[in-house]
Asks: 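Mind having a look at this structure? Questions to follow.
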2 protein chains.
Amino acid sequence: MSKRILIVEDEPAIRDMVAFALGRAGLEAVHAADVRAAQDVIMARVPDLILLDWMLPGMSGLEYARRLRRDEMTREVPIIMLTARGEENDRVSGLEAGVDDYVVKPFSARELLARIKAVMRRVQGETDAGTVELGGLRIDGPAHRVFANGQPVAMGPTEYRLLHFFMSHPERVYSRAQLLDQVWGGNVYVEERTVDVHIRRLRRTLEPFQLDDLVQTVRGAGYRFSTTP
Amino acid sequence: MSKRILIVEDEPAIRDMVAFALGRAGLEAVHAADVRAAQDVIMARVPDLILLDWMLPGMSGLEYARRLRRDEMTREVPIIMLTARGEENDRVSGLEAGVDDYVVKPFSARELLARIKAVMRRVQGETDAGTVELGGLRIDGPAHRVFANGQPVAMGPTEYRLLHFFMSHPERVYSRAQLLDQVWGGNVYVEERTVDVHIRRLRRTLEPFQLDDLVQTVRGAGYRFSTTP
DNA sequence: CACTTTCGTGACGCCTTCGTGACGCCGTCC
DNA sequence: GGACGGCGTCACGAAGGCGTCACGAAAGTG
């Protein structure tokens with residue numbers, strides 16, 4: 001199954017050039033002219049990477065990028081924005097909104113491919129299906145439900161996102177700042193210690209199932225989800 | 001220990017602007033006017049990120065980037081290049097040479113900081129590196145864990161950093177001053193004998209596994225990590 | 001064999017980091 | 001509009017590390 005790239009771009013010239021370049025590189029290009037069409041494509045199959053034009057009919061690309069980042073399905077799909085030259089402030093907003101990289105028009109096919117390659121290599125190994133099962137815990141992504149030893153568990157939205165992130169990236173330490181980035185989403189302004197509190201709440205809901213030691217503290221570094229104490 | 005950024009740039013105007021911006025953001029800026037000076041800085045302590053001017057006296061920045069990528073010490077330090085506008089082909093060569101990102105002059109301090117932040121976060125999450133295995137010891141960098149003969153070992157943060165540094169640079173003697181630079185970070189004022197104490201603590205945690213003689217004393221010179229007594 | 005230098009080691013007090021309960025705010029649901 | 005649940009922040013306390021010191025052992029030095 002080859003990598004599928006979604007191009008959200010309304011200018012036919014660029015779209016065709018990109019599609020041609022991707023095709024030659026052995027990547028599958030899917031094209032959408034606006035946000036509505038893009039959503040249809042995503043519903044059919046979540047792409048491996050999204051090329052997003054800065055200006056879209058009806059909605060700015062930046063706004064759409066934020067929306068993609070909020071959506072559970074597309075949260076971890078890398079996004080490369082295609083921008084016109086200039087507008088540094090907005091480029092910053094994009095990076096802060098979670099966009100992975102930029103390519104400035106006019107760009108060469110060669111540059112675009114290099115960027116795509118770099119971004120995909122960067123996120124490799126972090127691919128994520130909706131449902132995860134690990135160490136007595138199971139998360140059913142589509143159903144948005146958690147089971148501990150087969151028993152359904154109730155928890156708040158933030159706890160859920162935190163647990164989901166941890167289970168998608170086990171055996172790895174994340175600092176409070178990283179968790180704020182990944183779980184709370186790009187640039188919310190929240191105290192770092194807030195993470196501690198939610199770790200506590202997550203542990204408390206897992207306590208009745210003796211699963212609270214899956215969430216481990218690494219002093220001076222952050223937290224880790226691991227099945228081996 | 002704050003993050004240390006090395007700026008390799010010969011134009012004083014840009015250098016000062018960058019240093020000022022970094023300082024305000026709580027990052028430590030170290031500056032070098034040419035490649036030779038940069039190497040000196042790196043020898044003192046490997047920086048957390050390198051800002052590299054495209055044109056340098058004596059050597060092109062791209063060439064230097066390649067050299068940094070070949071060197072064991074700096075292989076995994078992210079590099080951001082500062083380039084003049086234009087020359088897309090070369091930008092591609094840079095990405096292929098392992099440069100992590102570009103900032104095009106003239107750039108705003110805000111954009112630079114956003115890029116730096118993005119790159120550091122990216123590298124932090126991605127790196128499989130930091131994983132070392134040597135002489136019965138294994139350090140899992142991402143998981144922030146140490147195994148001795150397969151058994152997990154608990155230790156404090158400083159012990160961990162010390163061991164990690166030693167295992168990344170085995171068979172080589174480091175003076176107490178060098179260890180303070182590399183492990184504690186440049187500008188901390190601590191007694192040199194403090195190193196002794198942490199060496200002692202590291203040995204003690206390795207003792208139960210008969211691995212404590214990996215850390216060797218070189219009288220009058222410093223300490224060494226070696227698999228051959 | 002004295003004498004000096006260097007290193008190992010245990011103990012101690014301070015400071016940072018983390019866990020935890022409580023509180024107030026805000027949105028949602030009856 | 002009242003109740004409720006979830007979230008972010010704070011304050012306090014406990015625990016764990018860390019840096020320093022002092023003393024003794026070991027290794028050079030002459």
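Convention: sequence-line order gives letters A, B, ...; per-chain numbering from 1.
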Asks: Going by the ring pair (Phe, Tyr, Trp, His ring centres under 6.0 Å) test, which pairs reach into residues 201-229 of chain B, not counting sequence neighbours?
Replies: none
Asks: Heavy-atom distance under 4.5 Å between the side chains of Leu51(A) and Leu6(A), does that happen here?
Replies: no
Asks: Under the criterion side chain to side chain contact (heavy atoms under 4.5 Å, CB included), which of Leu134(A), Val183(A), Leu179(A) is the partner of Phe166(A)?
Replies: Leu179(A)
Asks: Using a 4.0 Å cut-off on heavy atoms, which residues in residues 204-229 of chain A reach DNA chain D? List them by number, or say none.
Replies: Arg219(A)
Asks: Identify the 5'-most and 3'-most nucleotides of DNA chain D with at least one atom closer than 4.0 Å to a non-hydrogen atom of chain B.
Replies: dG17(D) to dG28(D)
Asks: Need one value for Arg203(A): base, sugar-phosphate or nothing, where a base atom within 4.0 Å counts as base even if backbone is also close, heavy atoms only.
Replies: sugar-phosphate
Asks: Going 5' to 3' along DNA chain C, which nucleotides are the first and last within contact of chain B (any atom under 4.0 Å from a heavy atom)?
Replies: dT5(C) to dA11(C)
Asks: Over 60° means perpendicular and under 30° means parallel, so tell me whether Phe165(A) and Tyr174(A) are parallel, tilted or perpendicular.
Replies: perpendicular
Asks: List the residues meeting side chain to side chain contact (heavy atoms under 4.5 Å, CB included) with Glu192(A), not counting sequence neighbours, and say none if there are none.
Replies: Arg176(A), Ala177(A), Leu180(A)
Asks: To the nearest 0.5 Å, what is the distance between OG on Ser226(A) and CG on Asp140(B)?
Replies: 9.5 Å
Asks: Taking atom CD of Gln39(B) and atom CG of Asp34(B), what is their separation to the nearest 0.5 Å?
Replies: 10.5 Å
Asks: For the CD1 atom of Ile5(B) and the CG atom of Leu49(B), what is their distance to the nearest 0.5 Å?
Replies: 4.5 Å
Asks: List in chain and number order the residues that pass ring-ring contact (aromatic ring centres under 6.0 Å, His included) with His198(A), two or more places apart in sequence or in another chain; answer none if no residue qualifies.
Replies: Trp184(A)
Asks: Evaluate the salt bridge (charged side-chain N to carboxylate O under 4.0 Å, His left out) criterion for residues Glu159(B) and Arg201(B): first the C-alpha distance (whole Å), next the side-chain angles of each, then the deciding distance (0.1 Å), finally the verdict.
Replies: CA-CA 7 Å; Glu159(B) 271 173 270; Arg201(B) 285 169 181 159; over 6 Å; no
